[in-house]
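Below: the structure, in structure tokens.
Side chains included, hydrogens not; waters and symmetry mates left out as well; all remaining heavy atoms used. Just so it is clear: chains get the letters A, B, ... in the order the sequence lines come, proteins before strands, and each one is counted from 1. Values in this document were obtained by computation on a predicted structure and should not be read as measured data.
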Amino acid sequence: MPELPEVETIKRGLERDIVGQKIIEVEVRAPKLFIGESAKLINEPIEKVWRRAKVLIIQTKRFSALIHLKMTGQLIYKGKEIVIGGHPDKLYLQPLPHNHTHIIFKLSGGTLYFNDLRKFGWVKVFNKTDDIDELIHAVGPEFDSPTFTLKYFSEKLAKKKAITIKQLLLDQSIVAGIGNIYADEILFASKIHPLTKVKDLTKSQIKKIFDNIPKILNLAINSGGSSSQTYRQIDGKMGTYLEIAKVYKREKLPCKICKTPIKRIKIAGRSSHFCPYCQKSS
DNA sequence: CACTTGACCTGTCCGC
DNA sequence: TGCGGACAGGTCAAGT
């Protein structure tokens, strides 16, 4: 599920709702998804919540709990005063906990539920002092970091030969946080065909992509992310980015610019959406 | 070394 | 209604 904008939205929700609380109990229903000792977190006050790439970090006085939501992970928070009511969703947001609730964090002021339909996600506990970048596999700079410059981006691209620009944007070691939705949206905004080989991109095309990365990601963050199926904000609300998406999940629908039907093709196993008229280069 | 292909899981949807 | 296959926000290890 979540790409950077979704994880960032969840991070902001957690920041608002759980920082300052104490972890009272951790119930691990699916041991496979919890790496490390859950007992370490008990009685720990939550000092900070932050994000690196698509990984959330709940930092307590002594430890860091890293959380990856992969495709279908959710974090839902229920404060004590909130009555858990019925929900329109069949599966993804039934009254909690439900069959897909795998880890439950009981906090001093409420409960945080980790749900994951496909069980790809995980929670790992490390010491607070551990270097997060060493714990996350080959992760590049954040899109809004001062180290993510046009020069850096161009140099990285120059080292790639055969792969397409779509695949490159999904490579977390180049720039962290872009996934399938926003890769397609960034390429539409840049008017570049997703199958274009990286080596065939012109300087001005590279610049366009570089400029559209923060533009699209910030727009998505401001929309609270994209709720395609399972993604929800921590209070259960959906993100609204898909309402303004130009190509993702819009196969056969008219392009919002030129009315040409949007196409969907497979690139390296992932579906890719584009406008065959607006994104001609390939 | 650069790049591609499955595997990890469980569910929904679509065509026959 | 049932059955098979494709598909779903992401990584990774193993294979070529």
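Looking at A/K160 and A/D171, a side-chain N of the basic residue comes within less than 4.0 Å of a carboxylate O on the acidic one, giving a salt bridge. Between A/R29 and A/E27 there is a salt bridge, with a side-chain nitrogen of the basic residue lying less than 4.0 Å from a carboxylate oxygen of the acidic one.
Between A/Q172 and C/dT11 there is a side-chain polar atom (N or O) within less than 4.0 angstrom of OP1 or OP2. Not one side-chain nitrogen or oxygen of A/H68 sits closer than 4.0 Å to the OP1 or OP2 atom of C/dG10. For A/H137, no side-chain nitrogen or oxygen approaches OP1 or OP2 of C/dG10 to under 4.0 Å. OP1 or OP2 of B/dT10 has at least one side-chain nitrogen or oxygen of A/K119 nearer than 4.0 Å. At least one side-chain nitrogen or oxygen of A/K54 sits closer than 4.0 Å to the OP1 or OP2 atom of C/dG10.
Judged by distance alone, the side chains of A/E243 and A/T240 never bring a donor and an acceptor atom under 3.5 Å apart. Judged purely by distance below 3.5 Å, without hydrogens or angles, the side chains of A/T147 and A/S145 pair a donor atom with an acceptor atom. A donor-acceptor contact closer than 3.5 angstrom links the side chains of A/H273 and A/D184. Side-chain polar atoms of A/K166 and A/S272 form a donor-acceptor pair below 3.5 angstrom.
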Please produce a list of atom pairs where a protein N or O lies less than 3.5 Å from an N or O of nucleotides 4-8 of chain C.
from  : atom 1 : to     : atom 2 : distance (Å)
C/dA8 : OP1    : A/S271 : OG     : 2.7
C/dA8 : N3     : A/R118 : NH1    : 3.4

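Residue A/I192 is tested with A/I209, A/I206, A/I186, A/T202 for a side chain to side chain contact (heavy atoms under 4.5 Å, CB included); the sole match is A/I209. Here the options are A/Y248, A/Y182, A/Y231, the test is ring-ring contact (aromatic ring centres under 6.0 Å, His included), and the partner is A/Y241; only A/Y182 passes.
Per the geometry, CD1 belonging to A/I267 stands 14 Å off C1' belonging to B/dT4, to the nearest Å. To the nearest angstrom, P of C/dG10 lies 12 Å from CG of A/L169. Protein atom NZ of A/K166 is 17 Å distant from nucleotide atom P of B/dC3, rounded to whole Å. Atom pair A/H102:NE2 and B/dC8:C1' shows a separation of 13 Å (rounding to whole Å applied). Taking atom CG on A/L195 and atom P on B/dC3, their separation rounds to 16 Å, with Å as the unit. The interatomic distance linking A/N115 (CG) with B/dT10 (C1') rounds to 14 Å, in whole Å. The separation between A/L69 atom CG and C/dG10 atom C1' is 11 Å, rounded to whole Å. To the nearest angstrom, C1' of C/dT11 lies 16 Å from CG of A/L4.
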Reading 5' to 3' and counting Watson-Crick or G-U wobble pairs with both distances under 3.5 Å, write the dot-bracket notation for DNA chain B, | for bases paired outside the strand. .|||||||.|||||||

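Taking a centre distance below 5.5 Å and an interplanar angle below 30 degrees as the stacking criterion, A/F120 stacks against the six-membered base ring of B/dC8.
Residues A/F188 and A/C278 form a side-chain contact, since some pair of their non-hydrogen atoms from C-beta on lies under 4.5 Å apart.
Which of B/dT10, B/dC3, C/dG10 sits closest to the side chain of A/H100 comes down to B/dT10.
Grouping the Ile, Leu, Val, Met, Phe, Trp and Tyr side chains by contacts below 4.5 angstrom, directly or via other members, places A/F120 apart from A/V55.
Between B/dC8 and C/dC3, the two P atoms lie 24 Å apart (nearest whole Å).
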